[in-house]
There are 2 protein chains.
Amino acid sequence: MKYSKATNYALHTILNLALSKSSKPIGVQTLAEKLNVSPTYLSKILTKLVKEGMVSSVSGANGGYSLTRGWESISFLDIIFAIEGKSSLFECGLDHGPQCQIQKVMLKSEEKMEEELRRQTLADLAKTSE
Amino acid sequence: MKYSKATNYALHTILNLALSKSSKPIGVQTLAEKLNVSPTYLSKILTKLVKEGMVSSVSGANGGYSLTRGWESISFLDIIFAIEGKSSLFECGLDHGPQCQIQKVMLKSEEKMEEELRRQTLADLAKTSE
DNA sequence: GATATTAGAGAGTCTTATAGTCTTTAATAG
DNA sequence: CTATTAAAGACTATAAGACTCTCTAATATC
Ligand code: SF4
Ligand code: SF4
């Protein structure tokens, strides 16, 4: 069980966008170079973030990507959910009701992690990284 | 990112062993039937648990698997680590030192989850499941 | 000691998910 | 109209997960 590379790329790209003071959008070409990853692949990842409303994109010459207003409150969890999906890490397929301790424990522990990821926002990240 | 099915099987098998009052070891055949999984596959999983010292096995007629003494203090995390490995969920490959906020956040959140999984022992599980 | 029974080890297969490429289409600035 | 850039879709490649089959080692029972 690992986070996908795509999640890694998404986090780094968003951090790059947050740190860029430019008011102009940044092209995927530029972003991809920093991460040493192919532009078309990164483009797919960015499109997911656009669909979740964290990033805005503009086509055409001088186009590119930028964070949407309100970006400061985007959390790590938002980004991770956008890439990995929102479903639970533990899925047994069955449902043996409320007396099932296994599921209870697994879900609670997962919730602890998510709580922490939800607490960490881009604002915090940008502040301590600049 | 999901837990593997093997982890699911391991948790359920260990729970089965914990709930079985029998002093005799239980064969993989029997255990596999309850989970509806192939015995040889489950056997591989059990072998991992044996190597981690949580389960003891005895070959030969009337052989099988049983929990080792001290099983009450085995935690969910122990079982999960035995199957999934102990390495971090987030690995970026590089190491940009202590100023890297991304890794810091990811590791801390992971630690929160593990903390909770460490707290939940088989003793708790067996008590509430019997 | 022979035989039946059961775990362990290893190689090999099947399937699925991740990671990535290539090509085409849509939007937009100049 | 043309250059530039994002979006979409189909496709391929690689890797990991989820098994299966077969053979070997241990052990209880007779
Ligand atoms: S016991 Fe719990 S974890 Fe196991 S199959 Fe039933 S609901 Fe799922
Ligand atoms: S910035 Fe942090 S997470 Fe990113 S590559 Fe460097 S060490 Fe890894």
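Residue numbers start from 1 in every chain, and the chains themselves are labelled A, B, ... in the order their sequence lines are given, proteins ahead of strands.
- Nucleotide C:dG20 holds its C1' atom 15 Å from the CG atom of A:Asn8, rounded to whole Å.
- The closest side-chain donor-acceptor pair between A:Asn8 and A:His12 falls under 3.5 angstrom.
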Next item on the list: Mark up nucleotides 19-30 of chain D, 5' to 3', with B wherever a protein heavy atom is under 4.0 angstrom from a base atom, S wherever such an atom reaches only the sugar-phosphate, and - elsewhere.
Entry: BBB----BBSS-
Review item, side-chain donor-acceptor pairs of residues 76-97 of chain A, under 3.5 Å, at least two apart:
unit_1  : atom_1 : unit_2   : atom_2 : d
A:Asp78 : OD2    : A:Ser75  : N      : 2.9
A:Asp78 : OD2    : A:Ser75  : OG     : 3.1
A:Glu84 : OE1    : B:Met1   : N      : 3.1
A:Glu84 : OE2    : A:Ser4   : N      : 2.9
A:Glu84 : OE2    : A:Ser4   : OG     : 3.1
A:Glu84 : OE2    : A:Thr7   : OG1    : 2.6
A:Ser87 : OG     : B:Lys2   : NZ     : 2.7
A:Ser88 : OG     : A:Phe90  : N      : 3.1
A:Ser88 : OG     : A:Phe90  : O      : 3.2
A:Ser88 : OG     : A:Glu110 : OE1    : 2.9
A:Glu91 : OE1    : B:Lys2   : NZ     : 3.3
A:Asp95 : OD1    : A:Gly97  : N      : 3.0

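- The side chain to side chain contact (heavy atoms under 4.5 Å, CB included) test applied to B:Ser22 returns B:Ser20, B:Lys24, not counting sequence neighbours.
- B:Lys2 places its NZ atom 12 Å from the C1' atom of C:dA17, with the value rounded to the nearest Å.
- As rounded to whole Å, 14 Å separates atom P of C:dA19 from atom CG of A:Leu35.
- Screening A:Leu35, A:Thr40, A:Asn36 against A:Ser38 for a side chain to side chain contact (heavy atoms under 4.5 Å, CB included) leaves a single residue, A:Thr40.
- The side chain to side chain contact (heavy atoms under 4.5 Å, CB included) test applied to B:Glu111 returns B:Glu114, B:Arg118, not counting sequence neighbours.
- Contact annotation: B:Lys51 side-chain N/O to C:dA9 OP1/OP2 distance is under 4.0 Å.
- A:Lys24 has its NZ atom 12 Å from the C1' atom of C:dG30, to the nearest Å.
- For the pair B:Glu91 CD and D:dA16 P, the computed distance is 12 Å after rounding to whole Å.
- One can place CG of A:Leu42 at 13 Å from P of C:dA19, the figure rounded to the nearest angstrom.
- Close to C:dT6, at under 4.0 Å from its OP1 or OP2, lies no side-chain N or O of B:Ser43.
- B:Glu115 meets the salt bridge (Lys or Arg N to Asp or Glu O under 4.0 Å) test with no other residue; sequence neighbours excluded.
- Take A:Lys108 and apply the salt bridge (Lys or Arg N to Asp or Glu O under 4.0 Å) test, not counting sequence neighbours, and it matches B:Glu116.
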Extract all donor-acceptor atom pairs below 3.5 Å that involve side chains of residues 44-60 of chain B and protein atoms in other chains or at least two apart in sequence.
unit_1  : atom_1 : unit_2  : atom_2 : d
B:Thr47 : OG1    : B:Ser43 : O      : 2.8
B:Ser56 : OG     : B:Ser66 : OG     : 3.3

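- With sequence neighbours left out, B:Ala61 forms a side chain to side chain contact (heavy atoms under 4.5 Å, CB included) with no residue at all.
- Atom OH in A:Tyr65 sits roughly 13 Å away from atom C1' in D:dT4 (whole-Å rounding).
- Contact check, A:Ser57 against D:dT5: no side-chain N or O comes under 4.0 Å of OP1 or OP2.
- Near-neighbour residues of DNA chain C inside residues 76-89 of chain B, defined by a heavy atom below 4.0 Å, are absent.
- If you measure from atom CG of A:Leu49 to atom P of D:dA7, you get 10 Å, rounded to the nearest angstrom.
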